[in-house]
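Below you'll find the structure, written out as structure tokens, and then a few comments.
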Amino acid sequence: MNGADPDGDVFRLVYHSETALDGAADAVDREIERILVASRRNNARVGVTGALMFNRGFFAQVLEGERQQIESVFERIQRDPRHTNLVVLQFAPAPERAFAAWSMAFVGGSAADARRFGHMAEASGFRPADFDADGLYQLLRDMLLRDEKSFADRS
Ligand code: FAD
């Protein structure tokens with residue numbers, strides 16, 4: 001659903017944060033799963049779409065939808081003790097939704113993948129703080145497209 005949005009003006013919020021999740025990989029995986037289940041349930045209800053990336057030590061998230069709905073979702077996200085040091089890079093009107101099919105897409109895979117990405121990250125020096133809003137938004141889009149392509153290639 002690209003182009004004109006049936007819900008009216010679309011806003012986009014882009015932020016990154018530091019994860020406060022620690023412990024065994026399984027426990028972290030379970031916590032990420034809980035976050036995704038709640039996100040998908042709540043976001044679908046209010047027409048918010050987006051993508052969440054979990055990389056070693058960091059979250060990055062794009063939320064898109066009506067301004068008031070994003071504000072109310074983000075109020076809860078900000079209070080969540082499972083992450084800290086939130087940095088909002090953008091909250092502005094957007095020409096269209098980039099993640100229209102996703103109440104919350106997840107890129108970065110499991111905690112095991114995150115360790116793998118973390119390894120790559122170390123090699124490439126990746127840190128969300130190095131990205132501006134458009135760069136982070138583009139990264140999440142590219143990772144999702146790549147994940148969708150590799151899923152399509154497997155099926
Ligand atoms: P439930 O998920 O049923 O949880 C009940 C309460 O317990 C909530 O107050 C919740 O904050 C708290 N809670 C649950 N598990 C834990 C835990 N392990 N540690 C501490 N507190 C806990 N929510 C969305 O709706 N949309 C999003 O897009 C979204 N993105 C998120 C991204 C990140 C990086 C994080 C960390 C959280 C995100 N959340 C998102 C979750 C959000 O912060 C709230 O937890 C959630 O919206 C509450 O949903 P609920 O009222 O259905 O409660």
Side-chain angles (χ1 to χ4, degrees), residues 1-2 5-94 96-118 120-121 126-148:
M1 180 182 36
N2 282 337
D5 194 277
D7 298 331
D9 290 342
V10 175
F11 270 67
R12 178 189 302 147
L13 188 148
V14 181
Y15 78 89
H16 58 78
S17 62
E18 289 173 30
T19 169
L21 300 174
D22 50 17
D26 281 1
V28 173
D29 274 351
R30 276 198 299 277
E31 209 53 66
I32 299 283
E33 191 55 36
R34 268 187 215 122
I35 290 170
L36 286 172
V37 167
S39 300
R40 288 170 180 159
R41 184 183 60 227
N42 296 334
N43 296 355
R45 227 179 262 149
V46 296
V48 167
T49 52
L52 174 70
M53 180 176 77
F54 171 60
N55 199 327
R56 198 173 61 173
F58 303 103
F59 287 111
Q61 190 170 27
V62 176
L63 296 164
E64 47 190 25
E66 281 182 6
R67 179 185 192 131
Q68 275 186 331
Q69 303 296 358
I70 293 183
E71 280 172 350
S72 119
V73 169
F74 194 59
E75 283 272 310
R76 293 198 304 275
I77 294 175
Q78 276 183 300
R79 288 198 304 265
D80 197 311
R82 290 170 286 188
H83 61 167
T84 168
N85 292 335
L86 280 74
V87 177
V88 175
L89 298 178
Q90 184 184 68
F91 184 38
E96 62 185 20
R97 290 182 191 245
F99 303 99
W102 296 91
S103 53
M104 191 45 60
F106 182 56
V107 292
S110 63
D113 281 342
R115 282 194 299 282
R116 183 159 54 83
F117 286 125
M120 282 161 45
F126 170 81
R127 285 177 306 159
D130 294 338
F131 286 75
D132 62 11
D134 286 342
L136 204 48
Y137 161 77
Q138 204 56 51
L139 177 73
L140 265 68
R141 273 191 77 156
D142 291 349
M143 287 179 79
L144 183 63
L145 284 176
R146 194 205 51 196
D147 285 358
E148 283 181 334

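This chain uses plain numbering: 1 for the first residue, then up along the sequence. Values below: all heavy atoms of this structure, side chains included; hydrogens, waters and symmetry mates excluded. Read the numbers this way: they start at 1 and go in the same order the structure lists the ligands and their atoms.
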Handout entry: First-shell residues of ligand 1 [heavy atom, distance under 4.0 Å]
Key = Y15, E31, I35, A38, S39, R41, N42, N43, L52, F59, Q61, L63, V73, R76, I77, D80, P81, R82, H83, M104
Exercise for the section: Could you name each residue pair satisfying salt bridge (charged side-chain N to carboxylate O under 4.0 Å, His left out) that touches residues 69-81, not counting sequence neighbours? Expected result: R67-E71, E75-R79, D80-R82
Handout entry: Pairing residues for E18 by the salt bridge (Lys or Arg N to Asp or Glu O under 4.0 Å) criterion, not counting sequence neighbours
Key = none
Problem - Test side chain to side chain donor-acceptor pair (under 3.5 Å) applied to Y137 and E64, Q90, R12, the passing residue - result: R12
Exercise for the section: Determine which pairs satisfy ring-ring contact (aromatic ring centres under 6.0 Å, His included) with at least one residue from residues 15-41, sequence neighbours left out, and list them in order. Expected result: Y15-F74
Practice task
Could you label the plane-to-plane angle of the H83 and F59 rings as parallel, tilted or perpendicular, counting under 30° as parallel and over 60° as perpendicular?
Solution key: perpendicular
Handout entry: salt_bridge(R30, E33) N-O dist < 4.0 Å
Key = no
